[in-house]
Amino acid sequence: MTGPGRTIAIFGAGGATGAAAARLASERGLSVRAIEHGWPADAPDSERITHHTADVMTDDLAALVDGTDAVISAIGLGLSPQTVLHPPPLYTRGTGHIADAMERTGVRRLAVISATFVETRNIGPLWFRLSAMPALSRTYAQMAEMEAMLRARRAIDWTAARPGWLLDLPYTGDYRVTDNRIAPGLIRTRHADLADFLLRCVTQDRHVGETPAIARKEERRYESPEALAAEFG
């Protein structure tokens, strides 16, 4: 999938990664179906981006992916006590519904967001492993199930990107990609850099059937216990 005139569907397009992917895709000449559970009234369509409302857990998604050249799933769970303790099956059931719709409509290319912590929890400074890892263990287990489900889908050319601890700062493009787990000494991944990587995967047929990891070195203030406390509440 290359060149202008192509259409991409982005689920979770209202979130930080999904919104960045929609913006970057439109800037690169792609038509975008931006799909979210709900859109505010001030989200008007543009020449390249059209907004669509759907629930990936319950709705029939076939019409949203039919005729597209690729699909990105940027769906994700917010950090709340309820989702930490009892995360809904968004990555498993939601991604499964997306894949079902793709198989019914003959769309093959899919990129989703997983996490480097699916590969190993023994990563990052000790304070991070003792605090963030236990809190998100159920979510990481669900991501592992999602990856296993995708491996069994012979009709889907999938990529499961594995970022580190996500960070909402502007796009840089100088991130590092490694196999399966982020490189030693790295812990953070910018949403906008992840969006760029997902787009490159689906438009340039990179990392098909793989779980590439992506991260970059950030300033210490973004890799500190104080940053974790501020972001996890």
Side-chain angles (χ1 to χ4, degrees), residues 1 5-26 30-78 80 82-83 86-115 138-139 141-161 191 194-195 198-199 201-203 205 208-209 211:
M1 174 189 170
R6 303 289 186 168
T7 300
I8 186 169
I10 301 177
F11 288 89
T17 303
R23 183 180 66 255
L24 289 171
S26 66
L30 301 174
S31 295
V32 179
R33 296 179 190 174
I35 306 159
E36 186 55 78
H37 186 269
W39 286 109
D42 60 349
D45 294 343
S46 63
E47 180 182 358
R48 296 198 182 278
I49 302 177
T50 57
H51 296 81
H52 306 265
T53 301
D55 187 335
V56 298
M57 300 281 279
T58 59
D59 291 347
D60 185 342
L61 309 174
L64 293 172
V65 303
D66 190 23
T68 63
D69 297 282
V71 176
I72 288 175
S73 174
I75 58 177
L77 294 170
S80 71
Q82 179 64 25
T83 57
H86 304 287
L90 185 65
Y91 295 104
T92 49
R93 186 184 304 169
T95 304
H97 284 171
I98 293 171
D100 288 342
M102 293 175 64
E103 289 179 344
R104 293 202 306 272
T105 56
V107 179
R108 295 192 62 93
R109 193 67 179 101
L110 171 66
V112 305
I113 300 173
S114 184
R138 291 178 175 85
T139 298
Q142 190 183 140
M143 287 176 167
E145 291 181 37
M146 173 188 69
E147 290 185 5
M149 178 271 294
L150 289 173
R151 289 187 181 95
R153 298 266 184 166
R154 302 302 181 189
I156 302 294
D157 297 326
W158 59 273
T159 301
H191 286 283
L194 176 58
L198 292 167
L199 277 171
C201 284
V202 299
T203 58
D205 281 334
V208 176
T211 53

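Quick caveat, the model's predicted, so the values are computed rather than measured.
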Q: Below 4.0 angstrom, N of the basic side chain to O of the carboxylate: do R109 and D205 qualify?
A: yes
Q: Report the C-alpha distance between E147 and S114 in whole Å, list the side-chain angles of each, state the deciding distance to 0.1 Å, and finish with yes or no for side-chain hydrogen bond (donor to acceptor under 3.5 Å, both in side chains).
A: CA-CA 8 Å; E147 290 185 5; S114 184; 2.6 Å; yes
Q: Please round to the nearest 0.5 Å and tell me the distance separating atom CD1 of I10 and atom CD of E36.
A: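 The CD1 atom of I10 sits 11.5 Å away from the CD atom of E36.
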Q: So, taking the atom named NE2 in H37 and the one named CG in L90, what distance separates them when rounded to the nearest 0.5 Å?
A: 10.0 Å
Q: To the closest 0.5 Å, what do you measure between CD1 (I35) and CZ (F11)?
A: 3.5 Å
Q: Can you find a pair of side-chain heavy atoms, one from Y91 and one from V112, that are under 4.5 Å apart?
A: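 No. Closest side-chain heavy atoms not under 4.5 Å.
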Q: Here's a test for you: under side-chain contact (heavy atoms from CB on, under 4.5 Å), which of E103, R108, R151 qualifies with I156?
A: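 Only match with I156 under side-chain contact (heavy atoms from CB on, under 4.5 Å): E103.
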Q: Given side chains that start at C-beta, do those of L61 and V56 come closer than 4.5 Å, heavy atoms only?
A: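 Touching, per the 4.5 Å side-chain cut-off.
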Q: When rounded to the nearest 0.5 angstrom, what is the spacing between OG1 in T92 and CE in M57?
A: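 It is 7.0 Å, given to the nearest 0.5 Å.
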Q: Taking all non-hydrogen atoms of both residues into account, name the closest pair between T95 and M149 and its distance.
A: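 In this case the closest contact between T95 and M149 is CG2-CE, 3.8 Å.
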Q: Might you point out which heavy atoms bring V202 and A111 nearest each other, and give the distance in Å?
A: CG1-CB, 3.5 Å
Q: Search all heavy atoms of A74 against all heavy atoms of I113 and return the closest pair with its distance.
A: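 Heavy-atom minimum between the residues: CA-CD1, 3.7 Å.
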Q: Between E47 and S26, is there a donor-acceptor pair closer than 3.5 Å when you use the side chain of the first and the backbone of the second?
A: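 It does not hold such a pair.
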Q: Looking only at non-hydrogen atoms, find the nearest pair between T159 and C201 and report the distance.
A: CG2-SG, 4.1 Å
Q: Would you say T68 and T105 make side-chain contact, with heavy atoms under 4.5 Å?
A: no
Q: Which heavy-atom pair separates A22 from V32 by the least distance, and what is that distance?
A: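 In this case the closest contact between A22 and V32 is O-CG2, 3.9 Å.
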Q: With the threshold set at 4.0 Å, does a side-chain nitrogen-carboxylate oxygen contact exist between D100 and R153?
A: yes
Q: Measure the shortest side-chain to side-chain distance between L150 and L110 over non-hydrogen atoms and say whether it is less than 4.5 angstrom.
A: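 Answer yes - side chains close enough.
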Q: For the pair D45 (side chain) and H51 (backbone), establish whether a donor and an acceptor sit closer than 3.5 Å, ignoring hydrogens and angles.
A: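 Side chain of D45 to backbone of H51: a pair is present.
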Q: So which atom in T17 and which in A195 form the shortest heavy-atom distance, rounded to 0.1 Å?
A: O-CB, 3.5 Å
Q: Looking only at atom types and distance, does a side-chain atom of D59 sit under 3.5 Å from a main-chain N or O of D55, one as donor and one as acceptor?
A: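 Checked: pair present.
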Q: Is any side-chain heavy atom of T211 closer than 4.5 Å to a side-chain heavy atom of W158?
A: yes
Q: Quick check for you: to the nearest 0.5 Å, what is the distance between L198 atom CG and I72 atom CD1?
A: 5.0 Å
Q: Quick one: does any side-chain atom of R33 pair with a main-chain N or O of L64 as donor and acceptor, under 3.5 Å?
A: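 It does hold such a pair.
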Q: Find the distance between OG (S73) and CE (M146) and round it off to the nearest 0.5 Å.
A: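 Between atom OG of S73 and atom CE of M146 there are 7.5 Å.
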